[in-house]
Amino acid sequence: MNYYGKDYALIFTIVVFLSYLITGRITAYKKDNVRVWIYLFYVFLFIAIVVDLQRNPSIVGFLLMVRQYFHLLIFFILPDIPLPLFYRLGRSLFKLTIFQTILFMSQMVTGVRLLTMGGLSESYEPGFLWYRPTNLPYFIYIFLFITLLLPKEKLKYKNQLLILFVLAILLTLTRTLILGLFITVFVAMLAGLLKAGKKVIPVFVFIALCALPIIGARVMSSFSDLGGGFSSNFEKPDDNNLTFTWRMALTAERAAYVSNDTKSRIFGIGFIHEKDFGGQPFIVGHLNEEGEPVQLDQGDIAWPNLFLRLGFVGTFFYVMLAISLGIYYYKNREDTYAAAAFLFLIYATIITFASGMFSFADFFVIPYFIYYFIRKRKTWEKITV
């Protein structure tokens with residue numbers, strides 16, 4: 001999903017929320033731990049916005065950075081969506097993701113960017129030219145886990161779709177994404193979530209073996225990278241080689257900066273735009289067009305973004321919100337979609353050191369959607385029994 005798509009979705013969300021607020025259509029559900037942590041985070045966010053309005057040098061920059069958090073208003077809209085519409089939306093997004101994944105794979109052969117965002121670079125592993133894209137479809141992770149867990153009777157072409165989704169992730173050659181996928185499947189096995197999906201494990205292993213000539217060296221290099229990360233003193237991280245050492249140095253530098261004063265520890269630096277951020281206090285970061293490290297939001301790691309934007313206190317509320325959702329999904333793991341959402345959160349947590357996805361507020365749109373979908377399914381079952 002590109003920025004323009006997100007902006008249109010954001011405008012729609014705000015308009016619908018305001019109309020619901022004015023007409024009193026916001027549904028009040030009985031509180032559970034998820035809703036408690038959601039309300040706590042929203043209260044913190046409101047205070048943080050008020051505090052930041054007093055110190056932000058640019059109202060335009062402030063609005064550009066704070067807008068992503070207005071996606072969270074969807075939490076108050078979803079309860080009013082009827083269950084059949086949830087199913088229709090889910091099916092439509094699933095079909096769209098399949099089409100986007102096919103386009104994603106086509107980029108590897110053509111070298112033509114067919115999806116927005118991400119990069120597209122030449123690769124010669126294992127000895128021939130192909131193009132390595134990183135602009136994975138927005139919903140591929142959640143639909144991968146739904147495909148993995150749904151029984152074959154409920155999903156036509158299950159194995160073929162699983163091959164498509166898994167290969168797309170493997171061929172990004174992003175080590176954390178690949179290792180995270182295997183770890184998440186292992187967690188699913190330990191948690192007993194693959195009751196309906198045990199037969200696809202050989203398919204999963206077959207895919208990995210077929211891709212091994214391309215991904216093998218890349219994955220094995222992760223172990224030396226991890227060893228270097230834990231033994232390094234981070235004195236001279238290489239901004240051109242985004243290793244685990246580089247990511248650890250980036251996180252440590254931002255955490256140390258936020259620790260300088262009490263307000264930053266609580267609220268972070270707030271919602272200041274990169275162009276309004278004075279000076280160059282950080283030496284580690286993606287290199288911009290001028291060859292200087294990007295100071296604020298990083299696309300390849302989540303924790304520095306959270307520490308900077310929300311401080312340690314805000315990050316705590318943010319993480320507890322995710323944990324409360326994970327607990328809710330695990331408690332309802334007999335529901336295939338809840339189990340898939342649980343694996344999605346596990347995977348999202350693992351790849352926080354390889355992707356900024358978790359740190360961007362629209363990340364919670366998918367968990368919110370499934371949270372209310374499960375609640376409505378449970379309510380429907382009680383009515384129809």
Side-chain angles (χ1 to χ4, degrees), residues 10 13-14 17 20-21 26-52 66-81 86 141-142 145 184 187 191 255 258 264-268 270-271 302-335 337-352 355-379:
L10 178 60
T13 300
I14 294 173
F17 171 76
Y20 276 30
L21 192 63
I26 294 179
T27 304
Y29 269 105
K30 182 180 178 182
K31 288 181 182 175
D32 56 18
N33 286 336
V34 173
R35 295 180 72 84
V36 168
W37 284 109
I38 285 174
Y39 292 146
L40 285 173
F41 177 67
Y42 284 9
V43 169
F44 169 85
L45 192 60
F46 176 77
I47 296 172
I49 289 173
V50 172
V51 169
D52 202 49
V66 80
R67 63 181 175 175
Q68 62 166 307
Y69 293 96
F70 287 101
H71 285 288
L72 300 177
L73 294 175
I74 198 172
F75 181 79
F76 300 104
I77 300 172
L78 289 173
D80 204 47
I81 297 179
F86 268 102
Y141 304 120
I142 185 62
F145 296 123
T184 305
V187 169
V258 171
S264 294
R265 283 193 290 270
I266 297 173
F267 298 109
F271 311 106
W303 298 107
N305 299 339
L306 289 172
F307 292 154
L308 279 179
R309 294 298 182 187
L310 300 175
F312 298 131
V313 175
T315 300
F316 170 76
F317 285 123
Y318 193 93
V319 171
M320 287 306 300
L321 170 54
I323 290 174
S324 67
L325 283 162
I327 292 172
Y328 177 83
Y329 297 142
Y330 186 74
K331 285 181 177 179
N332 293 277
R333 62 189 179 278
E334 294 303 319
D335 186 304
Y337 299 99
F342 174 73
L343 294 181
F344 171 73
L345 286 180
I346 293 293
Y347 186 66
T349 303
I350 294 171
I351 67 172
T352 52
S355 168
M357 176 180 72
F358 181 73
S359 64
F360 303 126
D362 60 351
F363 164 80
F364 282 107
V365 170
I366 293 174
Y368 281 179
F369 186 95
I370 297 180
Y371 169 76
Y372 275 120
F373 177 61
I374 295 166
R375 291 190 69 131
K376 286 184 176 291
R377 277 165 59 94
K378 291 170 70 175
T379 302

Aromatic rings [X] and [Y]: how do their planes relate, parallel, tilted or perpendicular, breaks at 30° and 60°?
{"X": "Phe271", "Y": "Tyr69", "value": "perpendicular"}
{"X": "Phe44", "Y": "Phe41", "value": "parallel"}
{"X": "Phe317", "Y": "Trp37", "value": "tilted"}
{"X": "Phe364", "Y": "Tyr318", "value": "perpendicular"}
{"X": "Tyr330", "Y": "Phe342", "value": "tilted"}

[Y] backbone acceptor or donor facing [X] side chain under 3.5 Å:
{"X": "Tyr42", "Y": "Leu72", "result": "yes"}
{"X": "Asp52", "Y": "Ala48", "result": "no"}
{"X": "Thr184", "Y": "Leu343", "result": "no"}
{"X": "Ser355", "Y": "Ile351", "result": "no"}

- Task: Could you tell me whether Arg67 sits above the aromatic face of Phe70, with NZ or CZ closer than 6.0 angstrom to the six-membered ring centre and within 45 degrees of the axis?
- Result: no

- Is there side-chain contact between Asp335 and Arg377, with heavy atoms separated by less than 4.5 Å? yes

- Message: With heavy-atom distances below 4.5 Å as the criterion, would you say the side chains of Ile81 and Phe373 are in contact?
- Response: no

- Taking Phe344 as the fixed residue, which of Tyr329, Phe145, Phe363 is the one that meets the ring-ring contact (aromatic ring centres under 6.0 Å, His included) rule? Phe363

- Is there a side-chain hydrogen bond (donor to acceptor under 3.5 Å, both in side chains) between Ser359 and Trp303 once you walk through the steps? CA-CA 7 Å; Ser359 64; Trp303 298 107; over 6 Å; no

- For residues 303-316, the salt bridge (Lys or Arg N to Asp or Glu O under 4.0 Å) pairs (sequence neighbours left out) are Asp297-Arg309

